[in-house]
Asker: 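I have a structure I would like to understand better, so I am pasting it below and will then ask my questions one at a time.
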2 protein chains.
Amino acid sequence: MNMKRNVSSIASLISDPSRAAILLHLLDGRCHPAGNLAAAAGITPQTASFHLAKMAEIGTVTVEKHGRHRYYRIAQASDAEMIEQLLSFAGPAPVVSLRQSDQMKKLRHARMCYDHLAGEAAVRITESLLRAGHLQKDGLQLHVTVSGETFFADFGLDLPQLRKKRRAFSRCCLDWTEREHHLAGALGQGLTERMFAMDWFHREEQSRAVRITQEGKQGITERFGIQLD
Amino acid sequence: MNMKRNVSSIASLISDPSRAAILLHLLDGRCHPAGNLAAAAGITPQTASFHLAKMAEIGTVTVEKHGRHRYYRIAQASDAEMIEQLLSFAGPAPVVSLRQSDQMKKLRHARMCYDHLAGEAAVRITESLLRAGHLQKDGLQLHVTVSGETFFADFGLDLPQLRKKRRAFSRCCLDWTEREHHLAGALGQGLTERMFAMDWFHREEQSRAVRITQEGKQGITERFGIQLD
DNA sequence: TTCACATTTCGATGATAATGGAAACGTCTA
DNA sequence: TAGACGTTTCCATTATCATCGAAATGTGAA
């Protein structure tokens, strides 16, 4: 069996605390300049650069040069989801300070999982879509039903376009705080993007946490028939 | 956030190829003597002993002394399932030799995932239980319905006894070859045990693979209404 | 041009940890 | 009681790798 090699090489990516910190920080799906990541991991810029170069070589992250900054992001959604899965085994972080606990509450409530929404909000929305019969669970796939086609089109999503993307169209992603599934894949990404475009959510600075706006709460209730908060 | 620490310490368990090989070998749920594990990992007994001692200290594996042998096994089902999950990201192993490919086919078909059945057989059986309405999916939980209570009792399982165990009763476990869920938890373990007791399956030596007997094929068709092979 | 700033490259250092040889320990068998 | 065997402990070796200081590169601003 040579999958041993794969498993251990994947694991060694995260086994180093500095790399883990960097990846955890990148899990918000945004691009981050190298210095930012160094600060987040509590290491010098050189060390961060070393790790980032290594990860870029393997293909875990990609770089984009803008001016004198280099912006890094996680290359593949599937890698981000793997890290999320690992988090679900690490278990809910033991609360150390009130500040952390507060941050934790926010993360549980709504956060980005790379390119799509996660947390309680995402799980409840996904549940609602299943209940309404717009989505249908089939193993780890989430099929869009006929009524779903209409629903998402009404919502402003271009499904044919999303299907064309070279990635899974609609699938489950394990939510480590809720221990339930939420919608991921191109559809999850598209839905999230649309909701942000409608100003339903705002990103917090330097965090994966997402705040739901007043319009958001109203819109979610209207469209999905659920009450958040 | 101090879950960083957790994540990386979990990952470092598997990041070493030797430990990964040992754990992969232990994933069959059986007890293995130290020498056996050393051979499986391709390292000397001393080195294996070193790693096993380390993992025992953390609580990942437990020891049992029998005569001059020391038998090791994975301590918690949840740890075994985490490794299974990691495997699903490592992806199907690239086929190197015909021998491996053959072994791989067997693993895909039916294997042990620590203490319960996995592979195509397990996924199909789980599907059948859901379709028949004996189980009901609720997030990652698999609830036993009223008809399910009867079904499992008929099958010879003592559900109240299984519920008493200090572990999850009935839950989903991600199958890395099928990329679907199969039944795990105390119920999954109990069901598997019962099927082995009825001689439906035989273990292969030195492998996680499981062979379905003639009685097994017949019984599975009768009880679950599915045809395997 | 010159300076400031973000980032990388180079090089040296230090720590960590996997590894196997030698030997000890305990248990089984003859 | 002696010897074989499975396993562990002790120990020295070795390789790997994260880390950071110093210097180089490249970009933007003045």
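Residue numbers start from 1 in every chain, and the chains themselves are labelled A, B, ... in the order their sequence lines are given, proteins ahead of strands.
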Asker: In whole Å, what is the span from the CD1 atom of A/Ile22 to the C1' atom of C/dT7?
Answerer: 14 Å

Asker: D/dA18 P sits how many Å from A/Ile43 CD1, rounded?
Answerer: 10 Å

Asker: Please report the C-alpha distance between A/Gln214 and A/Gln218 in whole Å, then the side-chain angles of each, then the deciding distance to 0.1 Å, and finally whether the side chain to side chain donor-acceptor pair (under 3.5 Å) criterion is met.
Answerer: CA-CA 6 Å; A/Gln214 274 307 324; A/Gln218 202 173 332; over 6 Å; no

Asker: What is the distance, rounded to the nearest whole Å, between atom CD of B/Glu57 and atom P of C/dA17?
Answerer: 12 Å

Asker: Test salt bridge (charged side-chain N to carboxylate O under 4.0 Å, His left out) on B/Arg108 and B/Glu120 and set out the steps.
Answerer: CA-CA 6 Å; B/Arg108 257 202 292 271; B/Glu120 190 201 351; over 6 Å; no

Asker: Report yes if at least one side-chain N or O of A/His51 is closer than 4.0 Å to OP1 or OP2 of D/dT19; otherwise report no.
Answerer: yes

Asker: Would you confirm whether the ring centroid of A/His69 sits within less than 6.0 angstrom of the ring centroid of A/His32?
Answerer: no

Asker: In whole angstroms, how far is the C1' atom of C/dT8 from the CD atom of A/Glu64?
Answerer: 18 Å

Asker: To the nearest Å, give me how far apart CZ (A/Phe50) and P (C/dG11) are.
Answerer: 15 Å

Asker: Would you indicate what A/Tyr71 reaches in the nucleic acid, counting non-hydrogen atoms under 4.0 angstrom: base, sugar-phosphate, or nothing?
Answerer: nothing

Asker: Any donor-acceptor pair under 3.5 Å linking the side chain of A/Thr192 with the backbone of A/Gly188?
Answerer: yes

Asker: Does OP1 or OP2 of D/dT19 have a side-chain N or O of A/Thr47 closer than 4.0 Å?
Answerer: no

Asker: Nearest whole angstrom, please: distance from the C1' of D/dT7 to the NZ of B/Lys54.
Answerer: 18 Å

Asker: Is the phosphate of D/dT19 approached by A/Ser18 (side-chain N or O, under 4.0 Å from OP1 or OP2)?
Answerer: yes

Asker: Starting at atom CG of A/Leu13, determine the distance to atom C1' of D/dC17, rounded to an integer number of angstrom.
Answerer: 14 Å

Asker: Kindly assign one of parallel, tilted or perpendicular to the pair A/Phe201 and A/Phe196, based on the angle between their ring planes and the thresholds 30° and 60°.
Answerer: tilted

Asker: I want to confirm an ordering. Mapping A/Arg70 and A/Gln46 to their closest nucleotides on DNA chain D, which one lands closer to the 5' end?
Answerer: A/Gln46

Asker: Output one line per pair: protein atom, nucleotide atom from nucleotides 26-30 of chain C, and distance, for all N/O pairs under 3.5 Å.
Answerer:
none

Asker: Find out whether B/Val210 and B/His202 are in side-chain contact, i.e. whether some heavy atom of one side chain is under 4.5 Å from a heavy atom of the other.
Answerer: no

Asker: Can you tell me which residue among A/Arg167, A/Lys165, A/Arg30 is in a salt bridge (charged side-chain N to carboxylate O under 4.0 Å, His left out) with A/Asp115?
Answerer: A/Arg167

Asker: Mind calculating the distance between NE2 (B/His32) and C1' (D/dT7) to the nearest angstrom?
Answerer: 17 Å

Asker: Can you see if the side chain of B/Tyr72 gets near the phosphate of D/dT8 - specifically, an N or O under 4.0 Å from OP1 or OP2?
Answerer: yes

Asker: Do the side-chain N or O atoms of A/His69 get closer than 4.0 angstrom to the phosphate oxygens (OP1, OP2) of D/dT27?
Answerer: no

